[in-house]
Amino acid sequence: MIKNTGSKFIAWIDERYDLSPIRNLLQHKKVPAHKHSLWYYMGGVTLFLFLVQLFTGILLLLYYRPGEDSAYESVRFIITEVRFGWLIRNVHSWSANLLVFFAFVHMFSVFFSKAYEKPRELTWVTGFIILVFTLAFGFSGYLLPWNELAFFATKVGTDIVGVVPIIGEPLKTFLRGGEDVTGATLSRFFGIHVAILPAIFTVFLGLHLLFIQQQGMHEPDHFKNLPEEKKKYIPFFPDFALKDLLLWIVVFNLLIFLSLYFPWELGNKAEAFASAPAGIKPEWYFMFMFQSLKFLPAHILFLEGELVGVLFFGVAGFFWMIIPYIKIKNKPNWKIQPLTLIGIIVVAFIVIMTVVGYLI
Amino acid sequence: MKLDRRKFLNTLLGVGGIGGIVAVLYPVFSFLIPPKSAEPKVNSVKAGLSSELPTNSAKIIKFGREPVILIKTEDNQLKALSAGCTHLDCIVQYKTDTKQILCACHNGIYDLNGRNVSGPPPRPLEQFDVKVIQDEIVITKQG
Amino acid sequence: MKKIFINLSIYAFPFFFLLSSVNAQKTAATGNRNSEEDQCYKCHKEIELLPADFLESDVHRHAALSCSSCHGGDPSSDDQEIAMSPKKGYVGVPKRKDIPKFCGKCHSNINIMRVYQPRIATDQVEQYYTSAHGKKLLAGDQNVAECASCHSAHSILPAKDPRSSVYALNVPNTCNKCHGNLEFMKNYKIPTNQLEEYSKSVHGIALLKNKDVSAPACNDCHGNHGATPPGVKSISHVCGTCHVTNYEYFNATKISKIFEQKGIHGCEQCHGNHSVQKPNDEMIGIGKESTCIECHTTGDSGYAVSQKIYSSLIHLKNKFDEANAKYLEVRQKGMNDIEIGFQLQDAKQALIQSRTLVHTFDSSRVSEKTVKGVEFSEKASALAQIEIDEYYTRRNGFALATLIFLVFIVALYFKIKDSEKKRS
């Protein structure tokens, strides 16, 4: 009975809007099955976490009130008075962190399997832009509870922007909405977090997903070189989709677990004139950059050390984004290819700096 | 037998699926229900009926985290002041005989405008605005 | 030049009261004299012979009084011979022992003073002669403080003015100019470390470090014009002007009478004087820091009472700290803490009150209060415990949800396996 109504409805739509492209996609899309298939799921998990963010974020908006003397109070209100408010807020915080984590995993898996090569250059570029916006989401969202740690982390973070020559100072003032981190910064970050970023983000995410559906899953070299009859595929629908769902539920359960057992503390309300508390740390995904900047000497040649660091990360990020367009010749007699080596160095650098940042 | 297994799996999937959806929707809908105190920050508080507060008396009202003393003076004026003594944060009381505000901890005395008159209090009590709307007393923070 | 002034003032002394007070009265009555017309100021400025401490914003100058209002003479003449002639009432620089009267010719006269400040007191000189300073000055001691020692001579500012030497924040240093001087104090056999002690005391920190002008400076206990050390009888009155309840409690005790008989200073005996510290619970009881055991020994009733008071105080304090720790935990966990906060405030109030009640030296009165405080603390603790428990019971809900998800996951897993099998 239900099935009947369902198919009738689809037929009704189909008659008017021609669903054949979608039907084709569902019927014919297939996913290569090989020993590295696991990495195909990372993008999906990231997408799922983004949806969780979207959903919990909208829920939080019902009670959150930006403003110097209401932001902290309203977050406190959410986690103390609103039923399950603690859960929604903590899922939002945890999901944000896992989202960044899985985005990084997804990116490096794509990098090492060289999935960004022709014809998928633009998928990589849009993906990189999405990552940058994800980090911007994290940075702007961190301030919103208006607690001590976030306040000072934002102060330090925006200070770093200020060292960029020429545009640095105006950019810093623009971000802060004034000379200093104040209530004006909070309003600004709120606007950026809930309106500007989601709008831009959705565009790039849409493009990213569209490109993937257009081109299908990337087949790594070892799979491509197999004889046709040895290539194994699983249909995207329902097998891959169901597996995705399964993983999503596992991740979802993990999220609730983390939110319950390792809730994010609200801490003390930010006081603009209080002295900075000990142990101000940025969020962990900024740690490697923060730590490297700390290691730099005050002056390198005639430039400020911090400036060199910021410029370095800027340039490195840019090259990372356009990596599909950079031709690096393979060295047949090298055990590890140069690009893979670069990737390993980058991962090692990020991991070591992050660990060092937390140990020191 | 095989059919049974499939049926069983489908039932399990249905039960788990619906249960899962409920497990998600229950917190979400609970979240949507407005909580008891509908606002995070207290800017005003209702303090009962004006006609029920006798002349020359006072009561302590909870203004969010802050205790506030509401006084009805002899000439039926309503005054609201922060009830935390500025010395060591004891709760002050209204003295009906001398028409003053007294902190019993160290005998700090304030006048009815909250000014510290004698004893250890270093500063006056913070004043709140009082309005009476259809006999209902409403206390608001002074901006 | 200065010498001449002094010489002249000796000549002038007989006319001192007669003329100069008339002169001052005249000025006060006729009102403001333009300083441009004031030949004293004009001339002395020209030859750069204004007094070393001369301040343009001096309160007297501000009220448009002329030099002659105090020193006599004729300010309308630009001829020194005439302007500074004793005939015109010129008195020059007063001798040290004459200064109180010199100032008093106006300041003791309410008819003159009320023109400037209707509410001002006019008994300063009278008070001064009751002070240790004043008595010694009368006895011919040339070293003791007179008016100008504290107020200065030509840069006098009202006590409300933060630049004034007698502004609350500046008083300790003003007194210390003499009282911190070892050489100076040698003859009087009094110590010179009062400022040092005071600045470490709870009052000194409040005043000098936190700039809280409601904290007492030297004059708030010793008096200003009638400055004298408080006596045995008056010391508890002095402290009691601010610490009212403590004073009342203490005064009603047997111990205060005994103190009086034995000549022991009331508050000072336990709390000290200039270096009075924020009191702590260890001051009572039978511990090392207890001040009770300075007189009381094992076996006497005071010893037992002290021990009782101490134990009930500490019991409350521990209960309060325990509740407070839980309260902080609740806050940190982000649970609802408002009601706990109110209970805790009541508990804190009871703790403060029972600490004050220590001064009754009545263990039953103290414990009556501490029992109440303990009740509040325990209530706060219980409320906090409910919140903390709630924090952990959320885990049951999570367990249930996980179970449901697990069923779904397992079913899904087999479903996928089935569909894979079907295909192959």
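Side-chain atoms of B/T96 and B/N56 include no donor-acceptor pair closer than 3.5 Å. One side chain, C/E268 or C/N273, offers a donor N or O that lies under 3.5 Å from an acceptor on the other.
Interface remark: of the candidates C/L357, C/V410, C/T356, C/T356 forms the most heavy-atom pairs closer than 4.5 Å to chain B. Between chain C and the options B/C85, B/A23, B/P67, heavy-atom pairs under 4.5 Å are most frequent for B/P67. For the set B/L88, B/V24, B/T11, the entry with the most heavy-atom pairs within less than 4.5 Å of chain C is B/L88. In terms of heavy-atom pairs under 4.5 Å with chain B, the best-connected choice from C/V244, C/N246, C/V407 is C/V244.
Because its NZ or CZ atom is both nearer than 6.0 Å to the ring centre of C/F342 and within 45° of the ring axis, B/K62 counts as a cation-pi partner of that residue. A cation-pi geometry, defined here as NZ or CZ lying under 6.0 Å from the six-membered ring centre and within 45° of its normal, does not hold between B/R123 and B/Y110.
When heavy atoms are compared at a cutoff of 4.5 Å, B/N10 approaches chain C solely by way of its side chain, counted from C-beta outward. Looking at C/T245, the atoms closer than 4.5 Å to chain B (heavy atoms on both sides) sit in the backbone and in the side chain alike. Residue contact with chain B, scored on non-hydrogen atoms closer than 4.5 Å, involves the backbone and the side chain of C/K415 alike.
Between C/D346 and C/K379 there is no salt bridge, since none of the side-chain N atoms of the basic residue sits less than 4.0 Å from a carboxylate O of the acidic one.
No more than 12 heavy atoms of other residues, nucleotides or ligands sit less than 6.0 Å from atom CZ of C/F414.
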